[in-house]
There are 2 protein chains.
Amino acid sequence: METASAPPPEERRRDAAATRRRLLEAARDLFAERGYEGTTVRVIAARAGVNQALLFRYFGSKRGLLTEVVALGGLEQLRATPPEELFETALRSMLTRSTEGPEDRSLEVYLRSVGRGDEAAGTLRELGEAYQSALAGLSGAPDGALRADLAMAWLLGIGLMRTVVAREPLAGADPDEVCRLVLGTLGHLWAEPKPGEDGE
Amino acid sequence: METASAPPPEERRRDAAATRRRLLEAARDLFAERGYEGTTVRVIAARAGVNQALLFRYFGSKRGLLTEVVALGGLEQLRATPPEELFETALRSMLTRSTEGPEDRSLEVYLRSVGRGDEAAGTLRELGEAYQSALAGLSGAPDGALRADLAMAWLLGIGLMRTVVAREPLAGADPDEVCRLVLGTLGHLWAEPKPGEDGE
DNA sequence: TACCGTTGTAAGCAGCTGCTTACATCCGGG
DNA sequence: CCCGGATGTAAGCAGCTGCTTACAACGGTA
């Protein structure tokens, strides 16, 4: 069938690297959609079109898979995005379910995986702290970290409300409109003065 | 010990009503702390000091228990609270883990139980819509429902961030301070104009 | 061609989940 | 007293979870 003149990729039938990548991509999307605990290894393997035992061969555990997913495009891409665009980027990617191209889903993965227990704690905490310190600088206030946490909390809540309860009008709202409302309001959070202090 | 002059309660050893109530209270607290899916029937029964089979005798299913928990202090107490105090009341009860007295935990139960799937959907959706319409009136804007959703999303996110990831500084922050920041910021959400429209 | 590590597969493990069943025990009314 | 429904208990069900094991099949190398 295929002309043998093109040697390189040619769809190898047994390809560990490709299998790893497919698992990684399936896990990235599923974790972002359903959270860590809401995603089963069987579903990950199925979406990747791979036997689930291979997940454990290549990543050791479900937790190990999460670690690699987060490490993959996560911290690095975070550092490449200017802080003032960080929140809007994350919010927009959370509001649009397009999922095309290698977007930065790391914040989304983090926020959606936050639910329930210590299972996913360690790895995700690191990513969360990185985002926290990036956002903290946006407010001149000395409690910038707290304000950053509140902003992330809102992001988390919006994501859950949209995809999990899917309640109208939030679920079907125009992303631009939601973005405008949230970003406009958050501007005031950064500026809100501490009690007993003048502005910045 | 006890004078026999008071016949009525006297701690009956087999008391269906008391057992029901203990299960209800245990479930209310646990659902608020861990969410619906994060709470197992065995844990509920254990905290209530009751055999878990009785949970099914009295409520039919875990879902049935949730329905009664929500119906209990939920919608009724919601209607008794003026809308402008609703958000602050819910936020405060979420920020303080005191858990003393029969507080209105209904919004907390709702928000914490929102995670994952359709399991708890029906009953909780009703409660959520009641809160939504109550909050929607706070903004004069025609998209008040959307803004109400966004406010509830923030509440949900703050609760999850505090109890689940327990990340500093949000986890240990002074409730009054958090309250002030959030309420101050939300004031701007109610006032934020729609594009192409003047204020209200 | 014969070999052997790499890759893929099927089955099953223990532990958890919500829920059910069969059975003790209490206790008020006859 | 004693019977029978109400109440409480122990055990177990099927189905799910993350994970492991024993084995088959491929394919580069010697």
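Each chain gets a letter, A, B and so on, in the order the sequences are listed, and its residues count up from 1. This structure is a prediction, so every number in the text was calculated from the model and none was measured. Note: hydrogens, waters and symmetry copies are ignored here, and every other heavy atom, side chains too, is used.
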Please determine whether a side-chain nitrogen of the Lys or Arg among B:E177 and B:R180 lies less than 4.0 Å from a carboxylate oxygen of the Asp or Glu. yes
I need the [atom1]-[atom2] distance between [X] and [N], as an integer number of Å.
| X | N | atom1 | atom2 | value |
| --- | --- | --- | --- | --- |
| B:R34 | C:dC16 | CZ | C1' | 14 Å |
| B:F59 | C:dC19 | CZ | P | 13 Å |
| A:L23 | C:dT9 | CG | P | 11 Å |
| A:E37 | D:dC16 | CD | P | 18 Å |
| A:L54 | D:dG18 | CG | P | 16 Å |
| A:L55 | C:dA10 | CG | P | 16 Å |

Could you state the interatomic distance from CZ (A:R28) to CZ (A:R21), rounded to the nearest 0.5 Å? 11.0 Å
Using heavy-atom distances to pick each residue's nearest nucleotide on DNA chain C, tell me which of A:N51 and A:R42 is more 5'.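 Its nucleotide being nearer the 5' end, the pick is A:N51.
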Listed nucleotide nearest any side-chain atom of [X], set [options]:
| X | options | value |
| --- | --- | --- |
| A:F56 | C:dT9, D:dC19, C:dC19 | D:dC19 |
| B:R57 | D:dG8, C:dC19, C:dG12 | D:dG8 |
| B:A53 | D:dT9, C:dG18, D:dC19 | D:dT9 |
| B:Q52 | D:dG8, C:dC19, D:dG18 | C:dC19 |

Examine A:K62 relative to A:F56 and say whether NZ or CZ is less than 6.0 Å from the centre of the six-membered ring and inside a 45° cone about the ring axis.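 Because its charged atom misses either the 6.0 Å distance or the 45° angle limit, A:K62 does not stack over A:F56.
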Taking 4.0 Å as the cut-off, does a side-chain nitrogen or oxygen of A:Y58 come that near to OP1 or OP2 on C:dG8?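 Answer yes for this pair, as a side-chain N or O of A:Y58 is under 4.0 Å from OP1 or OP2.
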Determine: side-chain N/O of B:T40 to OP1/OP2 of C:dC16, distance under 4.0 Å, yes or no. no
With respect to A:T19, which candidate in A:N51, A:L54, A:L24, A:L55 satisfies the side chain to side chain contact (heavy atoms under 4.5 Å, CB included) definition? A:L54
